[in-house]
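Chain A is the first sequence line, chain B the second, and so forth, proteins listed ahead of strands; every chain is numbered from 1. Side-chain atoms are counted along with the backbone in the values below, which use heavy atoms only and exclude waters and symmetry mates. Just so you know, these numbers come straight off a predicted model, no measurement behind them.
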There are 2 protein chains.
Amino acid sequence: MTHAIEAVTTDRAPAGGTTSCHHCPLRAMPVFKHRCDEEIDFIQRFKAGERKAGAGVRILEENQRDTHLFTVLTGWVFRYRTLEGDRRQIINFGLPGDFLGLQATLDDTMSHGIETLTDVTLCQFERDQLWQLYGEHPRLAYDVTWLAAQEERTFEEQLLTLGQRSAFERIAYLLWHLYDRGRHVGLVHDNAIELPIRQQHIADTLGLSLVHTNKTLQKIREDGAIEIRERCLHVIDEERLIRHGRVERALWQRRPLL
Amino acid sequence: MTHAIEAVTTDRAPAGGTTSCHHCPLRAMPVFKHRCDEEIDFIQRFKAGERKAGAGVRILEENQRDTHLFTVLTGWVFRYRTLEGDRRQIINFGLPGDFLGLQATLDDTMSHGIETLTDVTLCQFERDQLWQLYGEHPRLAYDVTWLAAQEERTFEEQLLTLGQRSAFERIAYLLWHLYDRGRHVGLVHDNAIELPIRQQHIADTLGLSLVHTNKTLQKIREDGAIEIRERCLHVIDEERLIRHGRVERALWQRRPLL
DNA sequence: CGTTCCCTTGAGACCGCTCAAAGACCGTGG
DNA sequence: CCACGGTCTTTGAGCGGTCTCAAGGGAACG
């Protein structure tokens, strides 16, 4: 296990000159729930600014206090926890539209770290204003809970993966999962998606060794359901990939965006 | 993998003659957050009744629609998901004070099944009244989210377990985890807790085979940190158990009870 | 006193791990 | 333009943790 990229100082963009929530490119996408102007106004005020960071940057440390919540505007991040310093478990990946930081609600202490995979732009919110949101906008409050519940489902699925799927199934499942998520936020073109991850990330997500991940990945490729060229995952035969990954459920509804 | 116990018809207790929220024995415990009378009044009205069931009963089926939320009043339950009908992954256990059913918020379809381990009493709530809760009691709404976030933390820890811990570490971790949770709700006496689970449950929780679970469990027992007699887990040397399980965090705060 | 469930034990196979090293790719500096 | 170092991917070899199959023993229960 290597954490190849060392933490780098992060840059903070000034609050001004940021994307307007009313003109948020994500909000226009069909995956996201429609919001009335008043709600968007509130979100706009709730938004404390934007934060940009380069690829391979640790934007939140484990066990560190942080009072922010984030929505990924552009780019990829991942959340992870480590055991004894050298065993890293990737909890999940954050793509555009994903909401991060709720887990720290307890006491502002992050139970996990967050690191960027690409250059990213994050919408930043102040956690203590969440109170205000609960008081004034029950509908938004409900959405926050909805998002947390949705995340729980994803975790249940991931527990099922780690507990019951073989290495081959795990990798097939993960690739399809990322492909499917990417598809919903417009990252898929011609059945292909750019995956800004290394094999080590796959290994750390699935509880496998790097070597075994590599060998198993090759088997999936040989099988012909997918191709990987130049950082891009091409899904040649989605049905077959779904079967390999023992994918069972693909329930998608419009989801809220904050 | 065997689902030894077949589903049995569940009994529904009439809504009347149930435990009053004001005199709820759980609420008096120091783990649970204090609530003002008005909030308890609301919870009392929110409560649609109690439901009792015997041990080994499936109270919710996977992929079944159900419009209820539950708080475990007495007894143990567990949540699980299955893959291809015969690979069962136990997601987590529900002890007194635990709140269940939020995950179905999406569309009322349960992503998992729930089965009892002992005789249980559940406080039952109607999901559609959750809306009312969000509108009238932002503080309770916040608590619901808090609980969801807390559950997420538990899942993160479990992902770490399945992905990074060895069989020996997993079992030690799980035993300590259950012991610690039980301790907070008064189930531990003389450093011992009654564990109403079979080795098969441990195996299905940790992604191990029954045989290997048995052999590994014996190693932990031989080591002397714990003893298991008559369904009871006796923790002889907690520090050692914690070390074996690579337990890192034991952050506990008062938590809300619904 | 048989049945059933659960725990235990043994033997052998295999999946996934570790160690080790070579090849591929890429940005950098000479 | 090439040499170089760093990161990532690929390969091979061998070990061992965990699995499967199979069977026996014990406790609870009708």
Side-chain angles (χ1 to χ4, degrees), chain A residues 1-6 8 54-57 83 86-89 115 117-118 161-172 174-175 194-222 226-233 244, chain B residues 1-6 8 54-56 83 86-89 115 117-118 161-172 175 194-222 226-233 244:
Chain A
M1 231 292 312
T2 53
H3 293 187
I5 301 157
E6 280 307 303
V8 176
V57 169
L83 196 56
D86 63 342
R87 295 192 256 177
R88 178 176 71 174
Q89 178 64 35
E115 197 171 306
L117 287 161
T118 63
T161 296
L162 294 186
Q164 307 299 327
R165 285 187 243 248
S166 68
F168 187 90
E169 292 166 348
R170 289 183 208 191
I171 294 179
L174 176 62
L175 293 179
E194 190 179 343
L195 286 191
I197 59 176
R198 318 283 117 173
Q199 294 185 1
Q200 184 70 62
H201 293 112
I202 297 178
D204 290 348
T205 304
L206 300 176
L208 300 170
S209 71
L210 174 59
V211 173
H212 195 58
T213 298
N214 178 280
K215 289 174 180 167
T216 307
L217 196 48
Q218 284 178 56
K219 282 184 195 152
I220 300 185
R221 287 198 272 199
E222 282 164 18
I226 61 163
E227 282 176 18
I228 298 180
R229 297 187 307 268
E230 298 153 3
R231 292 278 92 88
C232 275
L233 167 68
H244 284 156
Chain B
M1 230 296 309
T2 54
H3 292 187
I5 300 156
E6 281 307 304
V8 176
L83 197 56
D86 63 343
R87 294 192 257 178
R88 179 174 73 174
Q89 178 64 36
E115 197 171 306
L117 287 162
T118 64
T161 296
L162 295 186
Q164 306 300 325
R165 284 186 244 250
S166 68
F168 188 89
E169 293 167 347
R170 289 183 208 191
I171 294 179
L175 292 179
E194 191 181 340
L195 286 190
I197 59 175
R198 318 283 117 174
Q199 294 185 359
Q200 184 70 62
H201 293 112
I202 298 178
D204 290 347
T205 305
L206 301 176
L208 300 171
S209 71
L210 174 60
V211 173
H212 195 59
T213 298
N214 177 280
K215 289 172 180 167
T216 307
L217 196 48
Q218 284 177 56
K219 281 184 195 153
I220 300 184
R221 287 198 272 198
E222 281 163 18
I226 61 163
E227 282 176 16
I228 298 179
R229 298 187 306 268
E230 297 154 2
R231 294 276 92 87
C232 276
L233 168 68
H244 283 157

Novice: Would you say a side-chain N or O of B/Gln199 is under 4.0 Å from OP1 or OP2 of C/dT8?
Specialist: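 Yes, because at least one side-chain N or O of B/Gln199 sits under 4.0 Å from OP1 or OP2 of C/dT8.
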
Novice: At 4.0 Å (heavy atoms only), tell me whether A/Arg229 reaches a base, stays on the sugar-phosphate, or touches nothing.
Specialist: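 Nothing: the residue A/Arg229, judged by heavy atoms under 4.0 Å, touches no strand.
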
Novice: Phosphate oxygens OP1/OP2 of D/dT11: is one of them under 4.0 Å from a side-chain N or O of A/Gln218?
Specialist: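 For A/Gln218, the contact criterion (side-chain N or O under 4.0 Å from OP1 or OP2 of D/dT11) is met.
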
Novice: Heavy atoms under 4.0 Å is the rule here; annotate nucleotides 13-30 of chain D 5' to 3' with B where the base is hit, S where only the sugar-phosphate is, and - elsewhere.
Specialist: B----BSBB---------

Novice: For the CZ atom of B/Arg221 and the CG atom of B/Leu175, what is their distance to the nearest 0.5 Å?
Specialist: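 With rounding to 0.5 Å, CZ (B/Arg221) is 9.5 Å from CG (B/Leu175).
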
Novice: Whether the side chain of B/Gln164 engages the backbone of A/Arg88 through a donor-acceptor N/O pair (distance < 3.5 Å, no angle test) should be reported.
Specialist: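 The answer is yes, because a donor-acceptor pair under 3.5 Å joins these two groups.
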
Novice: Between P on C/dC15 and CG on A/Leu162, what's the gap in Å once rounded to a whole number?
Specialist: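 Distance check: A/Leu162 CG to C/dC15 P gives 19 Å.
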
Novice: Rounded to whole angstroms, how far apart are CD on A/Glu230 and P on D/dC8?
Specialist: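 To the nearest whole Å, that distance equals 18 Å.
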
Novice: Hey, is the side chain of A/Asn214 poking within less than 4.0 Å of OP1 or OP2 on D/dT9, counting only N and O atoms?
Specialist: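 So the side chain of A/Asn214 is outside the cut-off, no N or O lying under 4.0 Å from OP1 or OP2 of D/dT9.
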
Novice: Taking OP1 and OP2 of C/dC17, is either one under 4.0 Å from a side-chain nitrogen or oxygen of A/Arg87?
Specialist: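 Indeed not, no polar side-chain atom of A/Arg87 lies that close.
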
Novice: List the residues meeting side chain to side chain donor-acceptor pair (under 3.5 Å) with B/Thr205, not counting sequence neighbours, and say none if there are none.
Specialist: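 Not a single residue meets the side chain to side chain donor-acceptor pair (under 3.5 Å) criterion with B/Thr205.
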
Novice: From A/Ile171 CD1 over to A/Thr216 OG1, what is the distance, rounded to the nearest 0.5 angstrom?
Specialist: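 Going from CD1 on A/Ile171 over to OG1 on A/Thr216, the span is 4.5 Å.
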
Novice: Can you check whether B/Arg231 has a side-chain N or O nearer than 4.0 Å to OP1 or OP2 of C/dC7?
Specialist: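 It does, given that an N or O in the side chain of B/Arg231 lies less than 4.0 Å from OP1 or OP2 of C/dC7.
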
Novice: Roughly how far, to the nearest 0.5 Å, is the CD1 atom of A/Ile220 from the NZ atom of A/Lys215?
Specialist: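 Spacing of NZ (A/Lys215) from CD1 (A/Ile220) equals 15.5 Å.
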
Novice: Mind calculating the distance between CD1 (A/Ile220) and P (D/dT10) to the nearest angstrom?
Specialist: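 Distance check: A/Ile220 CD1 to D/dT10 P gives 13 Å.
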
Novice: Sequence neighbours excluded, which residues qualify as side chain to side chain donor-acceptor pair (under 3.5 Å) partners of B/Arg165?
Specialist: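 Partners of B/Arg165 under the side chain to side chain donor-acceptor pair (under 3.5 Å) test: B/Glu157, B/Thr161.
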
Novice: Rounded off to whole Å, could you give me the CD1-to-C1' distance for the A/Ile171 and C/dC15 pair?
Specialist: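 Interatomic distance, CD1 of A/Ile171 to C1' of C/dC15: 13 Å.
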
Novice: Separation of A/Leu217 atom CG from C/dC15 atom C1', in whole Å?
Specialist: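 Rounded to the whole Å, the gap is 17 Å.
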
Novice: So, taking the atom named CG in A/Leu195 and the one named CG in A/Leu233, what distance separates them when rounded to the nearest 0.5 Å?
Specialist: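 Reported to 0.5 Å precision, the distance equals 5.0 Å.
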
Novice: In whole angstrom, what separates A/Ile202's CD1 from D/dC8's C1'?
Specialist: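 Roughly 12 Å, once rounded to whole Å.
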
